[in-house]
Every structure is written in structure tokens, then in C-alpha cells.
Number of protein chains: 2
Amino acid sequence: MSNFEAFFDYIQEISGKLLSEDDKQLLMAHFKPKKLRKRQYFLQEGDVCKYIGFIVKGSARTFTVDEKGHENVLKLSVENWWLADFESFYLLTPSRFNIEALEDMEVLQSTNAQIEEFLKHIPAFSAMQNVISQNYTIATQKRMQAAFSYTAEERYEDLISNYPHFLKRFPQNMIASYLGLSPETLSRIRKNSFK
Amino acid sequence: MSNFEAFFDYIQEISGKLLSEDDKQLLMAHFKPKKLRKRQYFLQEGDVCKYIGFIVKGSARTFTVDEKGHENVLKLSVENWWLADFESFYLLTPSRFNIEALEDMEVLQSTNAQIEEFLKHIPAFSAMQNVISQNYTIATQKRMQAAFSYTAEERYEDLISNYPHFLKRFPQNMIASYLGLSPETLSRIRKNSFK
DNA sequence: CGATTAACTTGATTTAGGTCAGGACAGTGA
DNA sequence: TCACTGTCCTGACCTAAATCAAGTTAATCG
């Protein structure tokens with residue numbers, strides 16, 4: 001199944017290790033393919049995030065809704081990224097986040113208990129986890145710094161240079177929210193940066 | 001050496017596993033105790049972060065300096081926390097951060113290469129790493145959300161409830177910077193929250 | 001296809017928080 | 001002892017970005 005081929009490639013590439021036939025069988029047995037239509041929710045606020053998903057195709061946003069009904073995008077995710085509220089997933093607490101498909105999606109999903117098994121039995125899988133957690137640590141450190149010490153404009157420039165494809169792929173108001181800006185402000189920044 | 005006792009306790013507690021005598025010997029052989037005086041730097045911007053440090057005693061701040069000479073505190077660290085710019089530490093790139101002792105400190109430090117060895121040979125150590133990276137992921141997710149969707153006042157309330165001891169331990173201008181505020185603003189928030 | 005809804009732009013106004021400036025108290029050190 | 005430096009407070013002013021409002025363009029769907 002082509003879904004899994006992309007997934008296997010990803011694991012092998014990022015971990016720098018090969019998956020055996022047994023490894024692949026184990027993964028195929030416990031990662032369930034799931035389709036989500038645009039606007040469908042992978043996770044709803046208040047629910048426990050029972051599944052972690054690997055995005056084979058499509059994109060999603062992770063967001064909160066505050067008391068005034070204002071939506072706040074924390075994360076935009078595309079192919080070869082993982083989808084979960086890790087706090088809820090690890091601790092089994094109700095999530096404060098929503099995760100919603102922005103395009104039709106194909107996801108491979110599994111549970112916390114099964115992930116533990118993969119980590120125990122598949123060397124490439126646990127190597128992958130280490131690399132991901134390193135990357136995540138680094139990326140978050142950068143994003144925190146940007147959030148606090150950059151202006152709106154600098155954050156936008158930063159996004160352009162780090163994730164240029166986001167601009168084509170996501171509506172501008174999502175990008176604005178992801179940058180912590182109102183849609184109006186982003187529109188004005190873009191207008192000014194043209195001249 | 002009492003330094004190491006606290007360190008061993010920490011590893012065993014957080015990992016849920018015991019350290020053997022051999023494990024302890026290995027750790028003692030490759031974690032070097034180091035003293036830092038108040039104001040001394042553990043890491044300077046531009047240098048590669050060759051060491052990771054475990055704080056046995058004292059506290060530190062991780063900060064950047066922007067073009068205008070404005071300091072920006074990203075992290076405040078106390079006993080039983082780790083000290084490093086992980087991007088620089090993992091990738092061996094020059095760091096954009098400074099790490100400075102805010103009090104006299106005792107640190108146990110080691111290198112990236114040695115950490116790899118510990119992970120390979122000491123089960124409690126790699127279990128610890130997994131727990132830490134989970135906790136870190138969760139904490140960062142929260143902090144990101146706070147940074148983007150909370151007001152100055154809410155961020156301060158949040159700090160009070162999560163890290164009340166920070167308020168006694170760190171000067172107010174450090175706290176302000178950590179919260180992404182000017183010292184004046186924090187002062188005013190405190191004034192208002194008294195009545 | 002036209003009808004509705006969603007996405008983007010632009011202007012006018014407001015506001016949270018920053019910046020600048022002055023002063024009150026420590027704590028430290030020659 | 002008294003300057004010196006760092007920390008905190010308070011007031012006056014300013015500015016980046018949010019909010020409100022209205023209009024335009026682009027997507028979506030029956």
C-alpha cells in the first residue's frame with residue numbers, strides 16, 4: 001500500500017536506519033489508515049487525544065478558542081508531520097486544542113500504548129523519535145524567540161524564508177493567526193512589502 | 001560526593017529506574033563538577049555550546065541580545081534543570097544565546113559525545129531522556145499558547161500559579177523579560193493586582 | 001450558472017504595552 | 001563614610017497592532 005511506503009521511507013530517512021520486513025509488518029498491523037475530509041476534526045477540545053497521526057497527504061491546523069470566541073492557530077501541519085496534542089496524548093488529559101483538516105487528508109494513526117511497543121521493538125522507530133524530539137526542541141526554541149523578540153513584520157519575513165510553501169498552501173488568515181496577528185495586520189504588511 | 005548524590009536521585013526519580021554501581025561510576029567519570037560565580041557565563045553568544053550542564057545549585061538565565069542592545073530572557077533555570085542551547089549542542093553550530101549565572105552555581109557538565117554513551121549504556125539515563133523530552137514538549141506547547149493568546153496580565157498570573165518560587169528568587173526585571181514585558185509594565189500589573 | 005459564503009483589502013479609531021524621564025531606595029565597595 | 005550601581009516605582013507620551021466597519025474579490029455548492 002502506497003500510504004505505507006511513504007511512511008516507511010520517512011522513518012528510514014529521518015532515523016538513518018533500515019526497517020526489517022518484520023518491522024514493517026508490525027507497523028502495518030497497528031497504524032490504521034484514516035481519511036479526513038476538509039473541515040473534519042482530528043481532535044476536538046475537551047476530548048482526550050487517543051491517537052497520534054502521521055500525515056500522508058493533506059494539511060491541518062491546531063488551534064484554541066478563547067472566551068471571546070477568538071481562534072488561535074498554534075500549528076500548521078503538512079505531509080510527513082505528526083498530528084497530536086502531546087500533552088493530552090501522553091497524560092490522557094482532556095485537550096485544550098482542536099485539530100482540524102484544512103484539506104482532505106490521509107493519516108496513519110496509532111495509540112500511545114502501541115507507540116510504546118514500536119519504541120521497544122523497532123530500533124529505527126526509537127531512533128526516529130530521538131531525532132524528531134531534537135528537531136522539535138530546536139524549532140520550538142526558535143519559535144519562542146521569534147514570538148517574543150520579533151516584530152510582526154520580522155515574524156512574517158521569517159516565515160517566508162523558513163516555510164515559503166505555507167504561503168501558497170494556507171489561507172492568509174490562518175497564516176496571520178499562526179503568526180499571532182490579525183488578518184488585517186498581515187494584509188497591510190504584505191501590501192507594504194511589495195513596494 | 002554530595003553533588004552526585006542529588007544528581008543520582010534526580011535521575012532515578014524521573015526515570016523510575018535504578019542506577020547500578022557501574023552506572024554511577026560511569027556518570028562520575030564523565031560529568032565534571034564546575035563552579036560558576038554570579039554573573040559568570042556558562043555560554044556566550046557566538047560560541048558552540050560544547051557542554052550540557054545539570055544544575056546542582058544556583059540559577060541561570062538564557063537570553064539573547066538584539067541589534068538595539070535589548071536583552072531578551074527566554075529561560076530561567078534552577079536546581080535539577082538542564083542548561084544548554086540544544087540547537088548549538090546537537091548541531092555544533094554557534095549559539096545565538098547567552099547563558100549567565102544569576103547566583104553562584106554548581107553544575108555537573110558533560111559533552112554531546114559522552115551523553116550518547118550514557119544513553120547507550122545506562123537504561124535509567126535514556127528513560128530519563130524520554131521523560132524529559134515529553135515534559136519539555138508539553139511545557140513548550142503551553143508556553144507557546146500563553147505567548148500568543150494571553151495578555152500580559154494573564155501571562156503573569158500563569159507564572160504565579162506555575163512557578164511561584166520564581167517571584168522570590170529572580171529580580172523583577174528578569175521576570176518581566178521572561179514574560180516578554182518591559183519592567184515598567186510588570187510593575188504596573190503588580191500594582192493593579194494588589195487592589 | 002447564479003447565489004452564498006468565505007477570504008482579502010482598506011480606512012478610521014482604540015488600546016495594550018513600550019519608551020522616555022525622574023526619583024526613591026537598597027546593597028556594595030573604595 | 002559617601003559615591004556608585006542596580007532595582008523598582010510612577011507619570012507623560014508614543015506607537016504597533018487590534019478592533020470596528022464597509023466594500024471587493026474569490027471560492028463553493030446547489
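These numbers come from a predicted model, not from an experiment. Throughout, protein chains are lettered first and strands after them, A, B, ... in sequence-line order, and every chain is numbered starting at 1.
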Tell me which donor-acceptor pairs under 3.5 Å the side chains of residues 127-141 of chain B have, and how far apart each pair is, sequence neighbours excluded?
{"residue": "Thr137(B)", "atom": "OG1", "partner": "Ser133(B)", "partner atom": "O", "Å": "2.7"}
{"residue": "Thr140(B)", "atom": "OG1", "partner": "Tyr136(B)", "partner atom": "O", "Å": "2.5"}

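- Remark: Gln172(A) is not in phosphate contact with dA6(C), judged by side-chain N or O atoms under 4.0 Å from OP1 or OP2.
- Spacing between atom CD of Glu71(A) and atom P of dA6(C) amounts to 12 Å, rounded to whole angstrom units.
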Distances for protein N or O near nucleotides 3-5 of chain D N or O, under 3.5 Å:
none

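- Comment: Glu100(B) does not engage Lys38(B) in a salt bridge, judged by the lack of any side-chain N to carboxylate O separation of less than 4.0 angstrom.
- Using a 4.0 Å cut-off between charged side-chain N and carboxylate O, Glu5(A) and Lys24(A) make no salt bridge.
- Using a 4.5 Å heavy-atom cutoff, the side chains of Asp104(B) and Lys35(B) are not in contact.
- In this structure, the side chains of Leu27(A) and Phe125(A) come closer than 4.5 Å at one or more pairs of heavy atoms.
- The nearest whole Å value for the distance from the CD atom in Glu100(B) to the P atom in dG6(D) is 12 Å.
- Distance Asn173(B) CG to dC9(D) P: 10 Å, rounded to the nearest Å.
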* Classify every nucleotide of nucleotides 15-30 of chain C by which part a protein heavy atom approaches to under 4.0 Å, writing B for the base, S for the sugar-phosphate alone and - for neither, in 5'-to-3' order. => --SBBB----------
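- Residues satisfying the side chain to side chain contact (heavy atoms under 4.5 Å, CB included) criterion with Glu13(B), sequence neighbours excluded, are absent altogether.
- Across all their heavy atoms, Thr64(A) and Gln145(B) have their closest contact at CG2-NE2, 3.4 Å.
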Identify all pairs in which a protein N or O lies below 3.5 Å from an N or O of nucleotides 28-30 of chain D, and state each distance.
{"residue": "dT28(D)", "atom": "OP1", "partner": "Lys38(A)", "partner atom": "NZ", "Å": "3.4"}

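- Using a 3.5 Å distance cut-off with no hydrogens or angles, the side chains of Tyr156(B) and Arg190(B) do pair a donor with an acceptor.
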Just distance, no hydrogens or angles: give the donor-acceptor pairs under 3.5 Å from side chains in residues 45-59 of chain A, sequence neighbours left out.
{"residue": "Ser59(A)", "atom": "OG", "partner": "Glu103(A)", "partner atom": "OE1", "Å": "2.9"}

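- Atom CG of Leu102(A) and atom C1' of dA27(D) are 15 Å apart (whole Å).
- Separating the CG atom of Asp66(A) from the P atom of dA18(D) is a distance of 13 Å, rounded to the nearest angstrom.
- Under 4.0 Å is where a charged nitrogen must lie from a carboxylate oxygen, and between Glu153(A) and Arg188(A) no such pair does.
- Remark: Lys142(A) engages Glu87(B) in a salt bridge, criterion side-chain N to carboxylate O under 4.0 Å.
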